[in-house]
Structures are given as structure tokens and as C-alpha cells.
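We count ligands from 1, going down the list as the structure has it; atoms in each ligand are counted the same way. Predicted, not measured: the structure shown is a model, and the values here were computed from it.
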Amino acid sequence: MAVLVTGGGGYIGSHMVWALIDAGEEVVVIDRLSTGFRWAIAPEARFYEGDIADQDLMRRIFSENNVDAIIHFAGSIVVPESVADPLGYYENNTVKSRALIASAVEAGIPHFVFSSTAAVYGTPKVLEPVTEDLPLAPESPYGSSKLMTEIMLRDTANAHDFTYTALRYFNVAGADPKGRSGQSSALATHLIKVACATALGKRESMNVFGTDYPTPDGTCVRDYIHVWDLAQAHLMALKRMRAGGGSLAANCGYGRGFSVLEVLEAVKKVNGSDFPVTFAERRPGDPAMIVANPGLAKRELGWVPQYDDLEGIISSALDWERHLMRKNSY
Ligand code: UDP
């Protein structure tokens with residue numbers, strides 16, 4: 001049996017491919033290489049360059065490989081960009097996911113893991129870490145585009161012989177502990193990536209978006225999770241579905257939050273350097289604070305995070321950033 005990874009040339013997808021290979025799985029990747037990289041895809045994986053909404057290509061992939069599960073990462077991921085280009089986000093994340101799900105149903109693929117997001121919750125009305133039964137109220141087109149895919153998966157699972165796991169990622173950072181992949185996009189906008197690039201002098205300075213949020217230090221609070229722990233959660237979701245477990249939507253976070261300022265302090269400490277920071281306006285679409293309650297993933301998937309350590313996450317992100325500098329690919 002093979003696992004098809006969509007977006008396997010991207011940040012999280014490339015880690016997933018390595019995690020599957022480490023676990024002895026046969027891996028097939030589809031990526032149109034719009035933001036991902038061919039070199040980031042493990043050579044052991046069979047690669048198809050193309051679009052997940054190309055139903056002829058999908059038919060070919062399913063006829064040439066014995067796929068029993070799809071892990072779907074391909075999509076757009078930047079909250080403020082989604083505010084500026086909502087239709088682009090609904091196209092990439094919702095419309096194309098619909099086409100992929102249709103191809104999966106047509107080919108009789110029984111299992112599907114979907115990269116969903118904490119953004120489906122918007123700003124929770126409660127101060128505690130969020131559980132999956134809270135109201136789903138995305139505040140950005142990005143969050144809505146992902147929630148719509150969750151809804152399509154739910155309804156598809158009700159109508160067909162099809163089981164899905166939607167993993168709601170909190171803030172993913174860090175790099176493969178074996179150094180085989182990391183966050184490689186020069187255009188990446190995520191906090192830890194930008195802060196590491198600034199600490200290493202690849203950027204002159206960076207912004208803190210919003211200092212007047214109703215949080216302890218006025219900056220947004222997020223639950224930062226190591227990409228390798230996240231990849232392991234997908235492996236466990238796959239195992240659970242193959243063993244007959246039903247559909248599930250589960251949070252992937254550690255259950256504790258750090259503010260933007262705390263993250264920047266940690267980056268400065270781990271790198272042993274200071275760097276300039278500009279206090280800027282709030283960024284559109286950002287909820288003030290969101291932290292996961294990971295209880296369901298732990299209970300249902302048997303997920304045991306190994307890398308719950310902000311400085312360790314930052315240290316691995318910095319190592320990858322140095323690696324990119326040596327490769328001169330940035
Ligand atoms: N952020 C920031 N400066 C940056 C990038 C991000 O202040 O250069 C803030 C952002 O406004 C948010 C938090 O860091 O409050 C996490 O943002 P990120 O883009 O990493 O992830 P998101 O939570 O949007 O998925």
C-alpha cells in the first residue's frame with residue numbers, strides 16, 4: 001500500500017514524506033512546485049508534478065500506485081494574504097480540495113488525512129485551551145477555506161466508504177531533527193521563520209504586528225508546535241484509520257502559549273544576538289490568543305509529543321536557516 005502526499009515539496013509535506021519513509025511506507029507525492037521544492041522531496045518517494053485538481057492526473061496516479069491513503073497538505077497558508085485574496089484562497093484550498101476528494105471517492109481511496117488549522121476557531125470565547133467541540137468561527141478567508149474542506153470531508157464520510165482525520169494545526173515551526181528538511185521558502189511570513197532569518201542577518205529587521213491585544217504583554221499568543229511531532233500525529237492518524245478507527249477532527253498543539261515578544265526573546269537568547277524589531281499595526285485576520293487542548297489527539301491517536309520545548313524548536317529552525325545560508329539558496 002502507498003500513501004499519497006499532496007504538497008510533499010512544501011514545508012510540512014516534505015517532513016511528512018520523510019516520516020513516512022522512516023516508518024517503512026511507500027510514498028507517492030504530487031506537488032505543482034508553486035511554493036514547494038523538488039529537492040525537498042525525499043528521493044525514495046515517487047514524484048508527480050501537477051495539480052491536485054487535475055482529475056486525469058489523479059486517475060493516472062491511482063492507476064499506477066496502490067494508494068490506500070491521501071495526506072493532503074497542498075494549499076495556501078498565509079492569513080493576511082487570504083484577507084487580500086479571498087477568492088484565490090477559496091480556489092486553492094476549497095475548490096481544489098473538493099476536486100481531490102472527488103478523485104479519491106471515484107478511485108475508492110478509503111483514508112484521508114487533512115491539514116486543517118486552529119484558524120477554524122477564530123478567537124475563542126473562552127480563555128482555556130480550545131477543545132474540538134467549541135464553536136467554529138474562522139476570522140479569515142484562510143480559516144474559512146479550511147473549515148469548508150472539513151465540512152466537505154465530514155459529509156463525504158457520511159455518504160461514502162471513506163474515513164478522514166482533520167488535524168487542526170496550531171503554529172508549526174522547527175525542522176527535521178535529522179536535518180533533511182525545514183522551512184525553506186524565502187517568502188515565508190511565519191513568526192519563528194522570520195525571527196530566525198532576522199537573527200542571522202538575512203533580514204535587516206522585522207515587525208511585531210500589534211501590541212494592543214488583550215493579552216498579558218499586548219502581543220498575540222500562539223501554541224508553537226514542532227513540525228516533527230506534527231508529522232508523527234499524521235502517522236498515528238493513518239494507523240488508527242487503517243485499524244478501523246472512524247473519522248475525527250483533532251487539535252495538534254501542545255497546550256501552552258507564547259506571545260510574539262516571548263518568541264522573539266527566545267530567538268535572541270538561543271542565537272545569542274540582538275536584532276531590531278519594529279512595533280507595527282495589527283495584521284488583518286489575527287486572533288489575539290489561541291492555544292490547543294491536545295487531549296483528544298493524545299487519547300484517540302496515542303500521540304505523545306517529543307519536542308515540546310520552545311527553545312529547542314527555535315534552535316532547530318536556526319540550524320535549518322544556517323543550512324540554507326550555506327547552500328546559498330535563499
Ligand atoms: N507575527 C509578527 N511578525 C511577523 C510574523 C508574525 O508579529 O513577522 C505575529 C502575527 O501577527 C501573529 C503571530 O506572530 O500574531 C503568529 O503569526 P504567524 O504568521 O507565524 O502564524 P499564524 O498564527 O498567522 O498562523
Side-chain angles (χ1 to χ4, degrees), residues 10-12 35 73 75-86 89 93 115-124 129-130 137-147 167-175 182-227 230 251-254 256-268 275-292 310 313-314 317-318 320-321:
Y11 170 45
I12 304 174
T35 53
F73 296 98
S76 305
I77 58 162
V78 181
V79 171
E81 189 179 71
S82 79
V83 176
D85 179 23
Y89 270 64
N93 289 356
S115 56
S116 190
T117 169
V120 298
Y121 296 110
T123 300
V130 298
E139 283 168 18
S140 64
Y142 167 66
S144 300
S145 70
K146 290 279 185 175
L147 177 56
L167 296 177
R168 295 179 181 155
Y169 308 166
F170 284 62
N171 287 65
V172 187
Q183 170 55 281
S184 304
S185 169
L187 300 174
T189 57
H190 290 113
L191 178 65
I192 290 183
K193 168 81 180 179
V194 170
C196 289
T198 313
L200 295 174
K202 287 163 95 169
R203 298 172 59 114
E204 279 183 8
S205 74
M206 61 173 291
N207 291 314
V208 172
F209 295 121
T211 51
D212 58 350
Y213 284 99
T215 57
D217 67 16
T219 63
C220 291
V221 171
R222 296 286 184 275
D223 186 341
Y224 293 91
I225 166 181
H226 196 293
V227 65
L230 185 68
N251 292 335
C252 283
Y254 290 142
R256 71 330 169 236
F258 294 99
S259 72
V260 173
L261 293 182
E262 285 172 328
V263 169
L264 296 183
E265 276 317 302
V267 173
K268 290 176 183 180
F275 51 85
V277 165
T278 306
F279 294 108
E281 290 299 303
R282 289 183 181 199
R283 216 176 55 168
D286 276 343
M289 172 163 169
I290 179 136
V291 172
L310 181 66
I313 293 172
I314 289 169
L318 280 165
W320 183 254
E321 214 57 44

Mark yes or no for whether K193, through its side chain, and Q183, through its backbone, hold a donor-acceptor pair below 3.5 Å. yes

Looking only at heavy atoms, what is the nearest atom pair of P214 and R282, with distance? CD-NH2, 4.3 Å

Please find the pair of heavy atoms, one from I77 and one from Y142, that lie closest to each other, and give the distance. CA-CE1, 3.6 Å

Check ring-ring contact (aromatic ring centres under 6.0 Å, His included) between Y89 and all other residues, then give those that pass, not counting sequence neighbours. none

ring-ring contact (aromatic ring centres under 6.0 Å, His included) involving F73 - partner list, sequence neighbours excluded: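 Expected list: H234.
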
Which residues share a side chain to side chain donor-acceptor pair (under 3.5 Å) with S145, sequence neighbours left out: N93

Mind checking what residues have non-hydrogen atoms under 4.0 angstrom from ligand 1?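 Within the 4.0 Å shell of ligand 1, which is judged on heavy atoms, sit V79, N171, T189, H190, L191, V194, M206, N207, V208, F209, C220, R222, Y224, V260, R283, D286.
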
